[in-house]
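No experiment lies behind these values; they were computed from the predicted model shown. We count ligands from 1, going down the list as the structure has it; atoms in each ligand are counted the same way.
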Amino acid sequence: MSQAASKPAGLLPVLSDRHVDPHAYPDGVAHLDGQYLPTSQAKVSVLDWGFLHSDATYDTVHVWDGRFFRLDLHLERFFGGLEKLRMTIPFDRDGVAEILHNCVALSGHRAAYVEMLCTRGASPTFSRDPRQAINRFMAFAVPFGSVANAEQLRRGLHVAISDKVRIPPASIDPSIKNYHWLDLVRGLYDAYDRGADTALILDFNGNVAEGPGFNVFCVKAGKLSTPAVGVLPGITRRTVFDLCAEAGLPAVAADVGVAALKTADEVFITSTAGGIMPVTVIDGAPVADGKVGAITERLMRLYWQKHEDPAWSSAVRY
Ligand code: PLP
């Protein structure tokens with residue numbers, strides 16, 4: 001089996017470990033109150049409920065080589081979240097798309113992480129009634145970032161499974177992309193304490209759920225599975241299903257137990273922040289032979305190829 005490191009150049013994102021100025025980083029452009037600003041100048045009030053109560057929804061799409069990837073799906077999920085949270089913004093989908101194009105174009109980035117978000121805002125009288133708050137739409141484009149760095153993409157991520165439980169869907173509908181991340185952040189600290197790169201946390205039944213900013217898949221005897229409930233329906237997860245359908249690979253959404261994950265032939269995670277990323281160690285033990293798996297490699301290649309395909313991507317209007 002060949003390893004990710006031996007891939008032809010250009011099939012995987014090349015992430016430079018460039019020196020960054022912590023005061024200027026990340027350099028990019030934000031849209032706030034009808035204005036385009038450097039991200040460092042786009043500031044919100046401390047009274048905004050997005051900040052005080054995590055009362056917000058958002059979506060993140062990426063731009064790779066000057067093209068948005070599946071922007072329509074990200075807009076659909078964002079507008080679905082707004083509706084479920086009873087938030088309104090003064091833009092339709094085309095209006096938001098135009099703002100995102102402008103943020104990327106003004107930033108000049110060819111590879112970007114592009115976020116659209118809406119907070120509940122604040123009430124002019126500081127009332128506790130969310131209906132009186134004035135919702136606020138914001139967006140920004142910053143350099144592309146990945147869950148896995150260049151070395152982790154090559155060798156596969158080392159993941160620890162935390163006993164923290166993801167906030168259950170009966171409390172927060174996970175299809176509303178949200179900033180309720182304390183479970184994920186606590187899981188991440190568990191993982192760091194155990195020497196791992198990142199974490200997976202559990203669902204309310206003790207099965208594997210998701211990690212900080214990503215879904216997870218395992219492959220067993222050629223069949224792919226990903227947790228069905230209590231997780232964000234990721235666009236990259238959906239893309240894996242679409243790629244599997246094209247490639248004739250069986251894939252299902254179903255419960256994934258901890259033991260099933262640890263005894264899988266291959267494991268990978270999926271996120272807009274990095275795409276499809278291999279996992280080669282779980283809780284200190286190798287996944288199968290500890291190398292990046294053949295199906296994972298194949299899907300990674302297909303995933304990045306689709307970034308040039310007009311059916312899956314659209315050019316930024318620079
Ligand atoms: N799960 C969570 C909790 C996330 O925050 C994210 C992305 O930010 C994902 C999964 C992956 O979703 P997507 O593939 O749409 O980026």
Note the single closest protein heavy atom to [atom], along with its residue, its atom name and the distance in Å.
| atom | result |
| --- | --- |
| atom 14 (O) of ligand 1 | T236 OG1, 2.6 Å |
| atom 4 (C) of ligand 1 | G213 CA, 3.5 Å |
| atom 8 (O) of ligand 1 | K177 NZ, 2.5 Å |

Atoms of ligand 1, numbered as shown, that sit under 4.0 Å from any heavy atom of [X]:
| X | answer |
| --- | --- |
| N215 | 10 (C), 11 (C) |
| G234 | 12 (O), 13 (P), 14 (O), 15 (O) |
| T272 | 13 (P), 14 (O), 15 (O), 16 (O) |
| W181 | 5 (O) |
| E210 | 1 (N), 2 (C), 3 (C), 10 (C) |
| R166 | 3 (C) |
| I235 | 13 (P), 14 (O), 15 (O) |

Any salt bridge between D190 and R186, counting N to O under 4.0 Å?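 Looking at D190 and R186, the cut-off is not met.
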Tell me whether the rings of H101 and F68 are parallel (<30°), tilted (30 to 60°) or perpendicular (>60°).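 H101 vs F68 ring planes: perpendicular.
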Mutual orientation of the aromatic rings belonging to H62 and W304 [parallel < 30°, tilted 30-60°, perpendicular > 60°]: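 Rings of H62 and W304: parallel, under 30°.
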For [Y], does its backbone N or O pair with a side-chain atom of [X] as donor and acceptor, under 3.5 Å?
| X | Y | answer |
| --- | --- | --- |
| S313 | H307 | yes |
| T57 | K177 | yes |
| Q132 | T125 | no |
| T236 | T272 | yes |

Is R77 close to ligand 1, meaning an N/O of one under 3.5 Å from an N/O of the other?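 N/O-N/O distance below 3.5 Å exists for this pair.
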Return yes or no for this condition: an N or O of H74 is under 3.5 Å from an N or O of ligand 1.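 No, since none of the N or O atoms of H74 sits under 3.5 Å from an N or O of ligand 1.
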Check: F69 ring centre within less than 6.0 Å of Y303 ring centre: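 Yes.
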Report yes or no: does Y58 have a heavy atom closer than 4.0 Å to ligand 1?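 True for this residue.
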